[in-house]
There are 2 protein chains.
Amino acid sequence: METKKDSLYASTLARGLQILRAFDESHVALSLTDLVERTGLEKSAVQRMAHTLHVEGMLDRDPKSRLYRPSHAWLELAYAYYWSDPVIARALPKLIEFSRAWGETVNLAQISDDHIIYSLRLPNQRTHFAASVVGRRLPALNTASGRVMLSTRSDEDIDQACARWPLLQVTGKTLMDRCEIARSIRLAREDGYCITRDQMLLNEISLAAPVRGTDGQAHAAVQISISGIAFNENQVLEKFLPNLLDTAAGILG
Amino acid sequence: METKKDSLYASTLARGLQILRAFDESHVALSLTDLVERTGLEKSAVQRMAHTLHVEGMLDRDPKSRLYRPSHAWLELAYAYYWSDPVIARALPKLIEFSRAWGETVNLAQISDDHIIYSLRLPNQRTHFAASVVGRRLPALNTASGRVMLSTRSDEDIDQACARWPLLQVTGKTLMDRCEIARSIRLAREDGYCITRDQMLLNEISLAAPVRGTDGQAHAAVQISISGIAFNENQVLEKFLPNLLDTAAGILG
DNA sequence: TGGCAGTTATCATTATTTGATATTGCCGAT
DNA sequence: ATCGGCAATATCAAATAATGATAACTGCCA
């Protein structure tokens with residue numbers, strides 16, 4: 001037990017959180033023994049934590065299979081998050097407007113450490129499930145949104161990020177070359193947008209514009225996903241870029 | 001200290017959860033003392049819990065104001081929830097299809113005790129923030145979705161619910177008469193849908209259709225919000241009902 | 001500059017968690 | 001039906017980790 005020699009650190013609470021975080025896109029319902037495996041906690045600890053979380057309404061349980069599952073409370077937390085983030089409230093109407101006007105998928109992405117997280121998604125066509133629901137985290141360097149946000153930071157920040165931030169190969173064509181990525185970011189700085197293709201999904205073109213605060217730095221990015229079959233990059237730029245830039249600029253402007 | 005004389009109950013974890021739940025739509029950033037007030041916990045306990053949650057990445061903190069706020073992790077939890085709920089995966093493409101075809105706001109609502117919770121929302125027009133973000137909970141009896149889901153249950157269930165479930169006056173016109181509500185539910189049973197007006201928002205017409213499982217009971221409802229200025233109830237029914245019923249029936253069908 | 005409210009730190013006390021173990025219950029195989 | 005094995009529950013003495021009172025600090029505003 002690696003105690004964080006921190007007298008204020010409540011390890012029981014931390015253990016409970018570990019249980020919550022054991023659930024993810026490929027672990028949707030877990031038994032006690034699954035939880036023991038995934039968290040590395042003692043069987044008894046898992047038993048007590050899961051029980052407590054269940055009593056407190058944070059975990060549902062199938063009485064038949066005895067599997068634990070996330071409860072609706074997890075969505076309520078998201079609701080509280082939405083109210084707490086001032087960017088969300090300003091972005092949502094703009095995104096709705098864009099979505100309505102163009103009938104294309106629009107997302108709001110935010111930086112979360114060295115990843116981006118999609119905090120608003122307005123899907124407009126059938127696509128993969130992961131691409132339509134809120135809360136997905138992806139390595140910032142691999143995404144148009146991440147790059148365009150990074151492009152508003154200092155050169156040192158960019159160099160550091162390109163050197164150290166994680167990469168994840170998602171499709172066969174996900175760009176993994178850090179020099180190329182750095183180049184892409186500098187280009188984004190000049191252009192004021194970033195466009196990618198086939199990075200998270202084959203035949204998907206992703207176009208992102210920065211949402212700048214008063215300091216000029218991007219707190220978020222507005223991103224659209226366009227079919228790479230129906231359009232090529234130039235067509236996407238021509239058709240959507242001006243409005244996307246307007247939409248993004250209007251959020252904190 | 002009201003111990004739930006339950007030897008498996010980890011009270012420290014429960015206290016941590018209390019901190020999380022202290023945040024909501026009107027409490028978006030809380031100081032230590034705010035948290036003490038809202039949770040009723042000891043100052044020291046709050047200090048340790050908040051600190052732990054911060055270290056664990058569940059709370060962000062503004063170093064200037066020292067206020068705690070929900071972190072992006074709250075959205076990640078929502079992401080895990082989405083993958084865990086099989087209804088969501090089946091509903092999402094249908095809702096996208098409907099949204100695209102009709103250009104109107106569509107939601108998926110689920111029963112959560114005596115409330116409904118919106119688990120998917122595809123807003124298509126500017127509306128109130130609360131009506132566009134996922135995770136909002138409303139008393140089931142006051143909503144078309146709640147009533148139509150309830151209408152698929154037994155008579156006893158309905159009677160019990162009408163007698164005991166909570167009501168909440170939201171607009172000046174929110175129906176608070178339990179007899180009227182019971183009547184509305186029985187009508188919904190006959191009709192296979194439920195329509196309301198001015199209940200959660202003035203000049204909003206809400207139309208809901210049940211998503212039935214193999215047992216005939218509704219696990220969810222598909223609901224649309226239509227402007228009561230542009231349409232009256234009959235027009236809404238005529239224009240949208242058939243497709244809404246199809247959409248809802250197609251989800252678990 | 002002083003005072004105050006809120007935050008951070010400390011520590012002896014003790015309640016709570018721990019983790020090993022025992023028991024129970026469930027499901028599939030025979 | 002019966003058995004066997006695995007997983008879930010319950011129990012309990014030991015000791016760790018949480019408690020809560022209090023004290024020290026900090027920064028803000030008058």
Side-chain angles (χ1 to χ4, degrees), chain A residues 1-23 26-71 84, chain B residues 1-23 26-71 84:
Chain A
M1 195 159 318
E2 26 58 63
T3 24
K4 310 238 208 308
K5 51 198 53 191
D6 172 349
S7 62
L8 290 178
Y9 187 79
S11 49
T12 304
L13 172 53
R15 271 186 273 260
L17 297 175
Q18 275 190 76
I19 302 279
L20 298 183
R21 286 192 289 242
F23 295 88
S26 46
H27 301 91
V28 298
L30 300 173
S31 69
L32 277 180
T33 34
D34 294 338
L35 286 167
V36 170
E37 266 186 45
R38 277 185 64 71
T39 60
L41 297 176
E42 289 293 328
K43 181 164 56 168
S44 312
V46 169
Q47 184 189 168
R48 263 174 305 104
M49 298 303 134
H51 171 76
T52 305
L53 290 167
H54 177 58
V55 170
E56 290 296 322
M58 292 301 296
L59 289 178
D60 285 344
R61 184 168 211 196
D62 179 20
K64 192 89 183 173
S65 68
R66 336 218 109 172
L67 261 38
Y68 289 100
R69 296 188 349 106
S71 80
S84 76
Chain B
M1 196 162 315
E2 27 54 62
T3 22
K4 307 238 208 308
K5 53 196 52 189
D6 173 349
S7 63
L8 290 178
Y9 188 79
S11 48
T12 304
L13 172 52
R15 271 186 270 261
L17 297 176
Q18 275 190 74
I19 303 278
L20 297 183
R21 285 191 290 240
F23 294 88
S26 46
H27 301 91
V28 299
L30 299 173
S31 71
L32 238 26
T33 34
D34 294 337
L35 286 167
V36 170
E37 264 187 48
R38 278 185 63 72
T39 60
L41 297 175
E42 289 293 327
K43 181 162 57 169
S44 312
V46 169
Q47 182 188 172
R48 266 175 298 107
M49 298 305 133
H51 171 77
T52 306
L53 290 167
H54 177 58
V55 169
E56 290 296 322
M58 292 300 297
L59 289 178
D60 286 344
R61 183 167 213 194
D62 179 21
K64 191 90 185 175
S65 67
R66 337 218 106 172
L67 261 37
Y68 289 99
R69 299 193 340 112
S71 79
S84 77

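We name chains A, B, ... by the order of the sequence lines, and we start the count at 1 in each one.
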Side chain to side chain contact (heavy atoms under 4.5 Å, CB included), that's the test. Do A/Ser31 and A/Leu67 meet it? Break it down for me. CA-CA 5 Å; A/Ser31 69; A/Leu67 261 38; 3.8 Å; yes
Open item on the list: Between A/Met49 and A/Thr12, does the side chain to side chain contact (heavy atoms under 4.5 Å, CB included) criterion hold? Intermediate values first, please.
Closed with: CA-CA 8 Å; A/Met49 298 303 134; A/Thr12 304; 3.4 Å; yes
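An OP1 or OP2 oxygen of C/dT18 is reached within less than 4.0 angstrom by a side-chain nitrogen or oxygen of A/Arg15. Taking only side-chain nitrogens and oxygens, B/Ser11 never comes nearer than 4.0 Å to OP1 or OP2 of C/dA15.
For the atom pair CD of B/Glu56 and CD of A/Gln18, the computed distance is 7.5 Å after rounding to the nearest 0.5 Å. The structure places CG of B/Leu13 at 7.5 Å from CG of A/Leu20, a figure rounded to the nearest 0.5 Å. To the nearest 0.5 Å, atoms CG (A/Leu17) and OG1 (A/Thr39) are separated by 12.0 Å.
Summarising the geometry, the separation between OH on A/Tyr9 and P on C/dT8 is reported as 18 Å, rounded to the nearest angstrom. Across the protein-nucleic acid pair, B/Leu13 atom CG and C/dT17 atom P stand 9 Å apart, rounded to whole Å. Residue B/Glu42 contributes atom CD, which lies 22 Å from atom P of D/dA17 at whole-angstrom precision. For the pair B/Met49 CE and C/dT7 P, the interatomic distance rounds to 17 Å; values are reported in whole Å. Separating the CZ atom of B/Arg48 from the P atom of C/dT17 is a distance of 12 Å, rounded to the nearest angstrom. The nearest whole Å value for the distance from the NZ atom in B/Lys64 to the P atom in C/dG6 is 18 Å.
Taking each heavy atom of B/Pro70 and B/Phe23 in turn, the nearest pair found is CD-CD2, 3.7 Å.
For residues 41-54 of chain A, the pairs satisfying side chain to side chain donor-acceptor pair (under 3.5 Å) are A/His51-B/Asp6, with sequence neighbours left out.
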Its contact letters, B for base, S for sugar-phosphate only and - for none at protein heavy atoms under 4.0 Å, make nucleotides 5-10 of chain D read --SSBB
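Between B/Asp34 and B/His27 the shortest side-chain heavy-atom distance does not fall below 4.5 Å.
Looking at B/Leu32, B/Asp62, B/Leu53, B/Ile19 one by one, the single match for side-chain contact (heavy atoms from CB on, under 4.5 Å) with B/Tyr68 turns out to be B/Leu32.
Helix bend of the helix from C/dT1-D/dA30 to C/dT30-D/dA1: the angle between its two end axes, each built from five pairs, comes to 50° after rounding to 10°.
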